[in-house]
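For reference, the structure is listed below as structure tokens.
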Amino acid sequence: MPELPDVEAFRKILDSCARGVCLLRIDVHDAGVLNGVSARRLRRSLEGRRLAEPERRGKWLVAPTEGGPTLMLHFGMTGQLVCCQPAEPLHPHDRVTFALADDRQLRYRDQRKLKGLWLADEPTLARMMKDQGPDALTVDRSGFGEALSGRRGGIKSALLNQSVLAGLGNLLADEILWRAKLHPARLVGSLTTQELDRMYTTLRRTLRSAVAAGRVPPRRTWLTGHRDDADPVCPRCRERLCGGRWAGRHTVWCPRCQQAPDRVMSRR
DNA sequence: CGGAGCGCCTGGAAGC
DNA sequence: TGCTTCCAGGCGCTCC
């Protein structure tokens, strides 16, 4: 699930629930989500420290502590950050709980454990972030153009590639291409300036409303709202939607709104 | 360089 | 009903 809008929502939760608050105690219920750090070291490094202002970078949630190391969270496909009362019963997928000084609890909840938690000092943090492209929410038009310029591959894989643009996932990539009326098989190099303008504007609008909603909203006016329909139809023109695989990911598009490039026949 | 394929995990749905 | 297989909105790695 978690793409940029979800992680942005988790950042807000962390900010309102824990910023400036002391981490009293950390319980690791499943060490399988810890990366490069033991439960012991995690506790020793963070317990007793206050959380500073959290930040989102692409799909990463960066949680520095005052005078201590930085906690890095990545949510994979199924992760969440939950703020709740300590009395609330442990969910089966609660992997780590952080007890806060003001009688609240942050929980890293994740079914599949594809990603998890890291502990990083400044240089490590910089190393982890250095290959990421500009953040998709804040990139400006020229940064967007630069990120895509010179790429020889397809547009769908470029949008999904975190080192090109950070934050987009499979749902957002399809949503943006559909709104910009660009076929997922288009090559980056084939896009005109006008099409790039359109894609950038679409990217901004789509991200803004998804961030406001706290996730990619399953609205019926969005392509995303139709992905799981038995017989999905384009919410704009009523044409039957196509489904296929691009860049190894399930891809949905409208064969009428999103004109296929000449070389590639539309598949279904 | 880009892209395909696989693996990491878990669980729900579909298939037999 | 029960067992097996496939698939999912993440990413990193290898190989071509």
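All chains are named by letter (A, B, ...) in the order of the sequence lines, taking the proteins before the strands, and each is independently numbered beginning at 1. Just so we're clear, the structure is a prediction, and the values are computed from it rather than from any experiment.
Arg179(A) forms a cation-pi arrangement with Trp222(A), by the criterion of a distance under 6.0 Å to the ring centre and an angle within 45° of the ring axis.
The nucleotide whose nearest atom lies closest to any side-chain atom of Gln111(A) is, among dC8(B), dA8(C), dG11(B), dG11(B). The side chain of Arg95(A) lies closest to dT10(B), out of dC8(B), dT10(B), dG9(C). Taking every side-chain heavy atom of Lys115(A) into account, dG12(C) is the closest of dG3(B), dA8(C), dG12(C).
Looking at heavy atoms from C-beta onward, Glu66(A) lies out of side-chain contact with Leu51(A) at the 4.5 angstrom threshold. Contact of the Pro69(A) side chain with the Asp121(A) side chain is not registered, since no non-hydrogen atoms from C-beta on lie closer than 4.5 Å.
Taking atom CZ of Phe75(A) as the reference point, atom P of dC11(C) lies 13 Å away to the nearest angstrom. Counting to the nearest Å, the P atom of dG9(C) and the CZ atom of Arg219(A) are 20 Å from each other. In this structure, Arg245(A) places its CZ atom 10 Å from P of dA4(B), rounding to the nearest Å. Spacing between atom NE2 of His250(A) and atom C1' of dC7(C) amounts to 10 Å, rounded to whole angstrom units. Atom CD in Gln80(A) sits about 17 Å away from atom P in dT10(B), given to the nearest Å. Across the protein-nucleic acid pair, Leu148(A) atom CG and dC1(B) atom P stand 16 Å apart, rounded to whole Å. Here dC7(C) presents its P atom at 15 Å from CG of Asp228(A), a figure rounded to the nearest Å. The separation between His91(A) atom NE2 and dG11(B) atom P is 10 Å, rounded to whole Å.
Distances shorter than 4.0 Å separate some side-chain N or O of His93(A) from OP1 or OP2 on dG11(B).
dC9(B) sits 24 Å from dC3(C) when the P atoms are compared, rounded to a whole Å. Nucleotides dT5(C) and dC6(B) have their P atoms positioned 16 Å apart, rounded to a whole Å.
Counting non-hydrogen atoms under 4.0 angstrom, Gly79(A) reaches nothing in the nucleic acid.
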(request) Please step through side chain to side chain contact (heavy atoms under 4.5 Å, CB included) for the pair Lys156(A) and Thr251(A), ending with a clear verdict. (result) CA-CA 9 Å; Lys156(A) 167 105 187 192; Thr251(A) 300; 3.1 Å; yes

(request) Carefully, step by step, assess Leu119(A) and Arg41(A) under the rule side chain to side chain contact (heavy atoms under 4.5 Å, CB included). (result) CA-CA 9 Å; Leu119(A) 198 61; Arg41(A) 188 162 74 81; 3.9 Å; yes

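Both Ala247(A) and Arg152(A) lie near DNA chain B, and the one whose nearest nucleotide falls closer to the 5' end is Arg152(A).
Under the Watson-Crick and G-U wobble criteria, each requiring two contacts below 3.5 Å, nucleotide dG9(C) is left unpaired.
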